[in-house]
2 protein chains.
Amino acid sequence: MPRSSLTGGLIGSPKVEVFVDMGHPFLNRTFDGFLKIGTVAATSVVAEETYHCVRKGSISKAKVEDALKKMCKEGAYWGAVAGVYVGMEYGVERVRGTRDWKNAMLGGALTGAVISVASNKKADQIVIDAIKGSAIATAAEFLNYLT
Amino acid sequence: MPRSSLTGGLIGSPKVEVFVDMGHPFLNRTFDGFLKIGTVAATSVVAEETYHCVRKGSISKAKVEDALKKMCKEGAYWGAVAGVYVGMEYGVERVRGTRDWKNAMLGGALTGAVISVASNKKADQIVIDAIKGSAIATAAEFLNYLT
């Protein structure tokens, strides 16, 4: 079941947990990827903005609003990419019937192509994005075996 | 032992395998990361350049040389980042004594900082790069649990 938890570092540790059941493993995984990776991206924006504020020693309403907007934007983008990737890898696994690094390669290529088409890029760029997505996914998969 | 294999799609499938023993698990892992991820990056450059050549229907000596240079550059860069990351994650694991996603987060942050320092960036940018590296590593680690 998709589950996203966000734990802050404040006193009392506020904890947000989200449970959603979309009724199908494909959708569940996709949504789970969206939530988890979106949370990571949003958290990294918080860390970055906090650093900027601490560095400059000032915090204003405009800055907080700006940070919130950035959190939503980056979170949604990373989440969308991750969701598409997780869904694609699941699809590739079902079609191929096996689990290996080639799933990551194909899933990455499909994700690159989908994101590229979705952002209205040219045919040439779509192929290049598919190759790049494929390389990044394969590298991430290999890294995991290494560590 | 670090091992890198590169298999082409040509007739007869040329296969290159590299075995190197650096004498210490830390170095072995780091070098292994460098080889594996460097190979992935170099292969993706080959795919990209091949697509460009097929698209334009022409292939020249200058283009092949250019592709080779790009392979070395991208391969070395991705390899260096991956090597540092794998080494850092191993170090963090040894210090913390456990294996979880926090290792990826800390390893990513250290890698971001190291790469940032190595590219002569300003102090501000180093912190931001550490945060970004941390986010990317954490996202990659989470993605792996999902798929």
Side-chain angles (χ1 to χ4, degrees), chain A residues 2 28-30 32-33 35-52 54-55 74 78-79 81-83 85-90 92-93 99 101 103-105 107-109 123-124 127-128 130-147, chain B residues 2 28-30 32-33 35-52 54-55 74 78-79 81-83 85-90 92-93 99 101 103-105 107-109 123-124 127-128 130-147:
Chain A
N28 274 350
R29 284 201 190 201
T30 306
D32 204 11
L35 281 182
K36 278 230 179 73
I37 309 300
T39 308
V40 171
T43 313
S44 86
V45 173
V46 173
E48 231 172 273
E49 295 299 316
T50 309
Y51 174 73
H52 280 306
V54 170
R55 183 106 176 84
E74 297 239 330
W78 283 46
V81 173
Y85 173 71
V86 172
M88 288 295 164
E89 221 216 347
Y90 180 75
V92 169
E93 193 190 316
R99 295 194 71 141
W101 63 271
N103 287 357
M105 195 181 74
D124 264 21
V127 176
I128 301 297
I131 294 171
K132 280 206 206 309
S134 174
I136 292 168
T138 314
E141 182 79 11
F142 277 167
L143 261 186
N144 213 69
Y145 282 119
L146 289 169
T147 55
Chain B
N28 275 350
R29 284 202 190 200
T30 305
D32 203 12
L35 281 181
K36 278 233 180 71
I37 309 300
T39 309
V40 171
T43 314
S44 85
V45 172
V46 174
E48 231 172 272
E49 295 299 315
T50 310
Y51 173 73
H52 280 306
V54 170
R55 183 106 175 84
E74 297 239 328
W78 283 47
V81 174
Y85 173 69
V86 172
M88 288 295 165
E89 220 216 347
Y90 181 76
V92 169
E93 193 190 317
R99 296 195 69 143
W101 63 271
N103 286 357
M105 195 180 76
D124 264 20
V127 176
I128 300 298
I131 293 170
K132 279 205 206 311
S134 171
I136 293 169
T138 313
E141 183 79 11
F142 277 168
L143 261 186
N144 213 65
Y145 283 119
L146 289 170
T147 55

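Here is the naming used below: chain letters follow the sequence lines, and residue numbers restart at 1 for every chain. Predicted model only: the values in this text are computed from it and were never measured.
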*Begin with the C-alpha distance, continue with both residues' side-chain angles, and end with the deciding distance and a verdict on side-chain contact (heavy atoms from CB on, under 4.5 Å) for B:Ile136 and A:Trp78.*
CA-CA 10 Å; B:Ile136 293 169; A:Trp78 283 46; 3.8 Å; yes
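Using a 4.5 Å cut-off between heavy atoms, A:Ala41 makes no contact with chain B at all. With a 4.5 Å cut-off on non-hydrogen atoms, A:Ala123 touches chain B through its backbone but not through its side chain.
Interatomic distance, A:Ile128 CD1 to B:Tyr51 OH, rounded to the nearest 0.5 Å: 6.5 Å.
Annotation: salt bridge (Lys or Arg N to Asp or Glu O under 4.0 Å) contacts involving residues 39-52 of chain B, sequence neighbours excluded, comprise A:Lys132-B:Glu48, B:Glu48-B:Lys70, B:Glu49-B:Lys70.
Evaluated for a side chain to side chain contact (heavy atoms under 4.5 Å, CB included) with A:Phe142, the options B:Ile37, B:Thr39, B:Asp32 yield exactly one hit, B:Ile37.
In terms of heavy-atom pairs under 4.5 Å with chain A, the best-connected choice from B:Asp124, B:Asn103, B:Thr138, B:Val45 is B:Asp124.
Taking both residues in full, the closest heavy atoms of A:Ala139 and B:Val40 are given as N-CG1, 4.1 Å, listed atom of the first, atom of the second, then distance.
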